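What follows is a set of notes on a single structure, which appears directly below.
Note that these values count all heavy atoms, side chains included, but never hydrogens, waters or copies made by symmetry. Bear in mind that the values here come from a model prediction, so they are computed numbers and not experimental data.
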Amino acid sequence: MPITNVARVSVWNEAKGFGFAEANGKKYFVHRSALGPISRNPKVGDTIVVTKFEETPKGPRITSGVLEGVPLKQFHEKRTAYVPGYYRKRKLKFALAIFLIAIPAMLFTYCQEHSFGQKTSQSAIVPTPKNVNRGTESRFHCDGRTHCSQMNSYEEALFFLRNCPGVQMDGDGDGKPCERQFGK
C-alpha cells in the first residue's frame, strides 16, 4: 500500500474539537488546532491534506495539516507597532497629571485652614456679643492665643476672654482678665 498524505475524517466530536481520520490504513487522532485557523470544524467525510504525522505514546496523530476545501479565517486586526517605553511614559504622564491636580488642591486646603499665615482655627472664630465696643471689635480677632503673657493690652485680653473659646486668662472667675499683668 503506498504512503499518502491524505486522510479522511471518520469520527468528529464537535463539542470537544477533536476526532479521528484514516490514512494509510491507520486511524489517526486529530485536534482542531492542528488544522490551523479554519473557518468551520471538520465533518465526517472531509479530506485533510496532512503535512506532519507523529507517533505518540497514546498512538498516532496528525500534528499539522489543512482541511481541504475549507477556507482559513482572515484576521483583520489592527495592531500598532511596539513602542519601547510607551507604557512607562503613559504611567509617567498619569502621575504628573495627578501631581498637578493634587498640589493646588493641597495648597488651597492649607490656605483655607491657616488663613494665609495667621494662626487661626475655624473653631476659634466666634461671633462677638453686642455689649463689646465696636472699635475694639475691629482691632482684635481670635487668633489662637490663650494666655495673658501673649496679650499686649487689657482691652485685648478682655476681648479674648469675652469672644474666644479656650482662653485661660481669668483665674479667679471674676470676669477680669490678666489682673496681675495689667494691674486692674
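No side-chain heavy atom of F18 sits under 4.5 Å from any side-chain heavy atom of S33. Under the 4.5 Å side-chain criterion, counting only non-hydrogen atoms from C-beta, P42 is in contact with L35. Using a 4.5 Å heavy-atom cutoff, the side chains of F53 and N24 are in contact.
Rounding to the nearest 0.5 angstrom, the gap separating the OG1 atom in T146 from the CE atom in M151 is 7.5 Å. Considering CG of D170 and CZ of R162, their distance stands at 11.0 Å, rounded to 0.5 Å. In this structure, CE in M106 is found 7.0 Å from CZ in F99, a value given to the nearest 0.5 Å. Taking CG of L161 as the reference point, atom NZ of K176 lies at 12.5 Å (rounded to 0.5 Å).
Contact detail for E179 and D174: the closest heavy-atom pair is OE2-OD2, 2.9 Å. The shortest non-hydrogen separation linking A21 to A7 is CB-CB, 3.9 Å.
Taken together through direct or relayed side-chain contacts under 4.5 Å among Ile, Leu, Val, Met, Phe, Trp and Tyr, F108 and L100 form parts of separate hydrophobic clusters. F29 and I48 fall into different hydrophobic clusters, where Ile, Leu, Val, Met, Phe, Trp and Tyr residues are linked whenever their side-chain heavy atoms come under 4.5 Å apart, directly or through other members. Placement of L92 and Y87 in two distinct hydrophobic clusters is found when ILVMFWY residues are connected by side-chain heavy-atom separations under 4.5 Å, directly or transitively.
In this structure F160 satisfies the ring-ring contact (aromatic ring centres under 6.0 Å, His included) test with no other residue, sequence neighbours excluded. Residues passing the salt bridge (charged side-chain N to carboxylate O under 4.0 Å, His left out) test with R40 are D46, sequence neighbours excluded. A search for side chain to side chain donor-acceptor pair (under 3.5 Å) contacts involving S153 returns nothing, not counting sequence neighbours. Remark: K26 pairs with E55 by the salt bridge (charged side-chain N to carboxylate O under 4.0 Å, His left out) rule, at least two apart or across chains. Evaluation of the side chain to side chain contact (heavy atoms under 4.5 Å, CB included) rule for S10 yields F20, E22, K27 as partners, not counting sequence neighbours.
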Throw together a table of side-chain donor-acceptor distances under 3.5 angstrom for residues 59-69, partners on residues two or more places apart or in other chains.
| residue | atom | partner | partner atom | Å |
| --- | --- | --- | --- | --- |
| T63 | OG1 | K52 | O | 3.3 |
| S64 | OG | T51 | OG1 | 2.6 |

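A salt bridge links E156 with R145: the closest approach of a Lys/Arg side-chain nitrogen to an acidic carboxylate oxygen falls below 4.0 angstrom.
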Before you tell me yes or no, could you show the steps for E155 and F182 under side chain to side chain contact (heavy atoms under 4.5 Å, CB included), namely the whole-Å CA-CA distance, both residues' side-chain angles and the distance that decides it to 0.1 Å?
CA-CA 10 Å; E155 290 80 20; F182 297 110; over 6 Å; no

I38 and R32: side chain to side chain contact (heavy atoms under 4.5 Å, CB included), yes or no, with the steps?
CA-CA 8 Å; I38 50 179; R32 185 181 199 284; 4.0 Å; yes

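Side-chain contact of S149 with H147: a donor-acceptor pair under 3.5 Å is absent, judged by distance alone.
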